[in-house]
K.L.:
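This is the structure I have questions about; it appears just below.
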Amino acid sequence: MLGEGNVAHTAMSGNGTTGDDPLQTAVWRLRSRACWADAAALLPADRPAPALQRAALLAERCLYTEGGWEEAEDALRTAEAVAHSDEERGAAACERGYLAYAATLLGVRDRADEARAALGRAAALIPPGAAGRALLDFRRGLVAQNLAGAPQAARAAFRRAHAGATANADPLLLSFTWRHLAGLALRDGELTEARHGFAESLRIREELGYLVGTAPALVSLADTEEEPEASRLREEARRLFRLLGGVPTWLAQQLAPPAPGAATA
């Protein structure tokens, strides 16, 4: 079980904590603490960049809570309507593909064809080397891994995303590429490589203060560790999970405490 690796996800890149923009700092702090609706409410919907950011926040909420789909769709339609340039339209198409992917993965509705079509449209609009290309590559990797069952194609896409995130100094996206590449390594039995990737992902998320993504990172690293370290990591993940009110919802089963009397060694 890859945990978050099976559910996907950063809805957008960047961390909002750099620079001197108090609005982006406030948005990041709310987002990282699972307050996506509050973060989205701070952003105006009548300009392309903030409208797209609103849609991305609400799409991320869908992935972590398995709810809020109508609000995310409304925000996405608004972002699509106010996009002007090819790159803005491509970014909106990338969000459209991601939301359709999420709905498919979580069993809300099969929108796999819509996801592929939208990401393909984004690839035609976002030029190679553009800032949004790394996120697009990452999401195309998710579709290859989790909808198409094509791990080799997924690995290639994640590596392109990893290189792009490095070039663009996007640490949050790097935390996801490290994590998904590690998940594929674990699937192939490469335990040392997997442990390194999961540890890097966790380190970045802790440094950024991305609380909502830290519990999944702890669980994945625990899957590569021996006792007692594995149990310590899972207990820390449970603490964060409770602190954030049971988010991400899909982590609940993995964090369920062992039954009384069950062997834990």
K.L.:
Quick one: do R203 and E207 make a salt bridge, cutoff under 4.0 Å?
P.N.:
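Looking at R203 and E207, the cut-off is met.
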
K.L.:
With sequence neighbours left out, what residues match W178 under ring pair (Phe, Tyr, Trp, His ring centres under 6.0 Å)?
P.N.:
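Listed in chain order: H162, H196.
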
K.L.:
Of the non-hydrogen atoms in L76 and E95, which two are nearest, and what is the gap between them?
P.N.:
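Scanning both residues, the minimum pair turns out to be CD1-CB, 3.8 Å.
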
K.L.:
For F158, check ring pair (Phe, Tyr, Trp, His ring centres under 6.0 Å) against everything at least two apart and list the hits.
P.N.:
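For F158 the ring pair (Phe, Tyr, Trp, His ring centres under 6.0 Å) partners, ignoring immediate neighbours, are F138, H180.
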
K.L.:
Of the non-hydrogen atoms in A34 and V247, which two are nearest, and what is the gap between them?
P.N.:
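Answer, listing the atom of A34 first, then V247: CB-CG1, 4.4 Å.
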
K.L.:
Just grab all the salt bridge (charged side-chain N to carboxylate O under 4.0 Å, His left out) pairs involving residues 148-160, residues at least two apart or on different chains.
P.N.:
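Applying salt bridge (charged side-chain N to carboxylate O under 4.0 Å, His left out) to every pair that reaches into residues 148-160, excluding sequence neighbours, yields D137-R160, R155-D188.
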
K.L.:
Would you mind reporting whether R133 and E87 have side-chain heavy atoms less than 4.5 Å apart?
P.N.:
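They are not in contact (no side-chain heavy atoms under 4.5 Å apart), so the answer is no.
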
K.L.:
Search all heavy atoms of L58 against all heavy atoms of A75 and return the closest pair with its distance.
P.N.:
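So the minimum-distance heavy-atom pair works out to CD1-CB, 3.8 Å.
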
K.L.:
Could you tell me whether R77 and E80 have a side-chain N and a carboxylate O separated by less than 4.0 Å?
P.N.:
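Here R77 does not pair with E80 in a salt bridge, since their nearest N and O are not under 4.0 Å apart.
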
K.L.:
What's the verdict on side chain to side chain donor-acceptor pair (under 3.5 Å) for E66 and W250, showing C-alpha distance, side-chain angles and the deciding distance?
P.N.:
CA-CA 8 Å; E66 302 182 58; W250 38 262; 5.6 Å; no

K.L.:
So, are E73 and R111 salt-bridged, with charged N and O less than 4.0 Å apart?
P.N.:
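Counted as a salt bridge, because a side-chain N and a carboxylate O are separated by less than 4.0 Å.
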
K.L.:
Any side-chain heavy atom of F176 within less than 4.5 Å of one from L142?
P.N.:
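SC-SC contact between F176 and L142 ruled out.
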
K.L.:
Should the heavy atoms of other residues, nucleotides or ligands under 6.0 Å from CZ of R47 be counted, would the total exceed 12?
P.N.:
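No - once you tally the heavy atoms of other residues, nucleotides and ligands closer than 6.0 Å, there are 12 at most.
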
K.L.:
Closest approach of I204 and P171, non-hydrogen atoms and distance?
P.N.:
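That closest heavy-atom pairing would be CG2-O, 3.3 Å.
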
